[in-house]
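Below is one structure, written out as structure tokens; comments come after it.
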Amino acid sequence: MKGIIFLKLEEFVEATFDEYAWDAVLTEVELASGGAYTSGLLYDDDEFFTIFVELCKQKALDPIEAQRLFGRWIFAQLMAISPHDMTGYTDVFGFLRAVQDVIHVEVQKIYIDALLPTFEFIEETDTTLRMRYVSPRKLHYFCEGLILSLAEHLQQPVEITLTESTQEKDDSCLFEIVKL
Amino acid sequence: MTDSPSDLEKKIAMLERKLEREKKARLAAEKQLEDFSWDIFKANSLLKQSLEEAQKKTEELEFLHDTSLLVVNQDSLQQLLSQILQELVEFTQVDVAFSVASQNGDYDFQEPHRLWVKGQGWTHQQAVVEALKPIVSDTADLVEQWVVTPLEDPTFEKLALSACALITIPTADDSATTIVLAGDNNLLQEERLFVLDTARGQLLTGVRRRINDTALQQHAADLEVALQSLKNTQQQLVQNEKMASLGQLAAGVAHEINNPLGFVRSNLQALKEYVDDLAVLESTLSQCLSSGTVATEVVAKALHESDLAFICMDAPKIIETNLQGINRVTEIVQALKNFSHAGEENFESVSLNEVIDVSLKVVWNQFKYQHEVKNQLPQDLPFVQGTYGQLQQVFVNLFVNAAQAMPDGGELNITSNLNDGYIEIHVTDTGMGFDDETKKQIFTPFYTTKPVGQGTGLGLSISFAIIEAHGGEMDAYSEIGVGTTFIVKFPYNS
């Protein structure tokens, strides 16, 4: 996972709690990087999950809710550093398609080694979008948080239903997004 | 609100740890930056190298493109070799280049020999040629491949030449041209040799094509000569056959001429007697005049004795008959003259009626006693484009054949039929006829059913060739014991 995500998590923890909270988590866990992150470098995914689990433990957070929160928080941050101007998009569904077709492509150009999730669009009507979110990291609720912030940003409220795959070794999760 | 000392200590410890992490992260970032710079440097170097290689490849491609253009154009072999040499000089950037022709392994080195020198163009430097001569001779047996040799002799060190590449290309069975390139060691670069080898393939293709072209042209010229000779022979054969037919006709023709000559002679004999009688009459009348008395009985007796009234009645008839006889002879002689006339005449508008009439006159003797000749052609048959003499030859031949097929007499019918831009002449006899086996061969040269000495076996084959040359066709239908019909078909312009 790219260092930028760790740095954003640090910012999130410090903004939500305080500097001590982040320091406390890092003091408690053993990390190969020692908790020193540089945005452009790659770090083991496990470090992220170790930190995340420890954070939830220390702050008594529901991991699913914590993911959703982090997702909601990071949306504005990612918008600010997007390699592609996303201001022209006014529709949630159109925006999500652009994330898959444009942003992920652009990010991959800059960071050849970045591991990005994939959106597989299954069905779309004016009000409903069914898509599969595929990522070995299984950060489905983080993604849900992002989409909720996006809807807020576009002032187009949505309701999201997640159905995780029950099959073993299936990293995907079905998203049904309905405009309200 | 002021922090308590313990809070401060906690904060300092936390900030120290944070600082430590920040330092570590900065070092990692700097390291990453260095790595990036290094990567960029390496990428740039690779890019430069690729660019140089691409330029080189472009040059190689241009060279191969130019040589392939030279190979496919229409220039002669010598032009091709000299242009290829020029291309090689420009591509390899060698210091020295020249070509030398050889025959049976003997090299034709001119004194001085023309060579390319870098910076000077085409010039003469005999010392360089002399130094390379032995290397050229050593490769006499190695044809159609590049031979690359390092030049280690001190002589070459002085000339600043360290490598030599040469190729010998056969240009004919016993001759070849050797192209020699000499320069520095760059000449020995593997990629360059690879390109030279590709060019070699193209060059050999071009050379072979030109050698084949020359051979083809030679074959074509030989064929042309053979064809001309064949035409001459054919023309000679036609003439020979004509003369042979003429020989066969001669006896009949002699009879044909003898006949009118006979009655002309006897008529002249009668005229001579008439003239004698007239002389006696003239003498009697003269005596009467000189005696001064004209006795009626004497005159009447003289007139009676000289038979003057009969002479006056008969002489004009005799003269008319003689004139007819002489015209007949003249016609026969004219017809024979046309028939025997040789050579390639130009096509002209020919009347088939006239050709057939005259041909019948030529062969009249063969028919007139035991045969009935029915010329049923309408007198307004269309004219055809052709050669009078040749067409006459065809019909004379057909009529003579018909006569010979009916030794005991019979009927010769000549009819015509206009059909679809073609005019057909049917020559039908009531002779012995022939079977299908014979029919297959009647137009074959030298095939004859006639006894030795009577037929050349060429008549119908030559007639066939003549009709074909007139754009027409010839065919025959026959039934044994019933007769034969020959059909001659000509195109005509309605």
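Chain identifiers are assigned alphabetically (A, B, ...) following the order of the sequence lines, protein sequences preceding nucleic acid strands; residue numbering begins at 1 within each chain.
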Q: Examine whether an atom of B/L27 lies under 4.5 Å from a heavy atom of chain A, and if so say whether it belongs to the side chain, the backbone or both; otherwise answer neither.
A: neither

**Q.** Over all atoms of both residues, closest heavy-atom pair of A/T38 and B/A25
**A.** OG1-O, 2.7 Å

**Q.** Other residues, nucleotides, ligands: >12 heavy atoms within 6.0 Å of B/E157 CD
**A.** no

Q) Does A/Y20 OH have over 12 foreign heavy atoms under 6.0 Å away? A) yes

(Q) More than 12 heavy atoms of other residues, nucleotides or ligands under 6.0 Å from NZ of B/K31: yes or no? (A) no

Q. With a cut-off of 6.0 Å (strictly less than), are more than 12 heavy atoms of other residues, nucleotides or ligands near CD of B/Q145?
A. yes

Q) If you tally heavy-atom pairs under 4.5 Å against chain A, which of B/R17, B/R21, B/E22 wins? A) B/R21

Q) Around A/K57, counting heavy atoms of other residues, nucleotides and ligands shown, do more than 12 lie under 6.0 Å from its NZ? A) no

Q. Does a salt bridge link B/K10 with A/D23, judged by any charged N lying under 4.0 Å from a carboxylate O?
A. no

**Q.** Region of B/K11 that comes under 4.5 Å of a non-hydrogen atom in chain A
**A.** both

Q: Heavy-atom distances under 4.5 Å only: say whether A/L26 touches chain B with side chain, backbone, both or neither.
A: side chain

Q.
Heavy-atom count check: over 12 atoms from other residues, nucleotides or ligands less than 6.0 Å from B/N44 CG?
A. yes

Q | Cationic N near anionic O, under 4.0 Å, B/K18 to A/E14 | A | yes

Q: Pick one of side chain, backbone, both or neither for A/S33, based on which atoms fall under 4.5 Å of a heavy atom in chain B.
A: backbone

Q. Between B/K24 and A/A36, what is the shortest heavy-atom contact and its length?
A. CB-CB, 3.5 Å

(Q) Counting only non-hydrogen atoms closer than 4.5 Å, does A/E19 touch chain B with its backbone (N, CA, C, O), its side chain (CB onward), both, or neither? (A) both

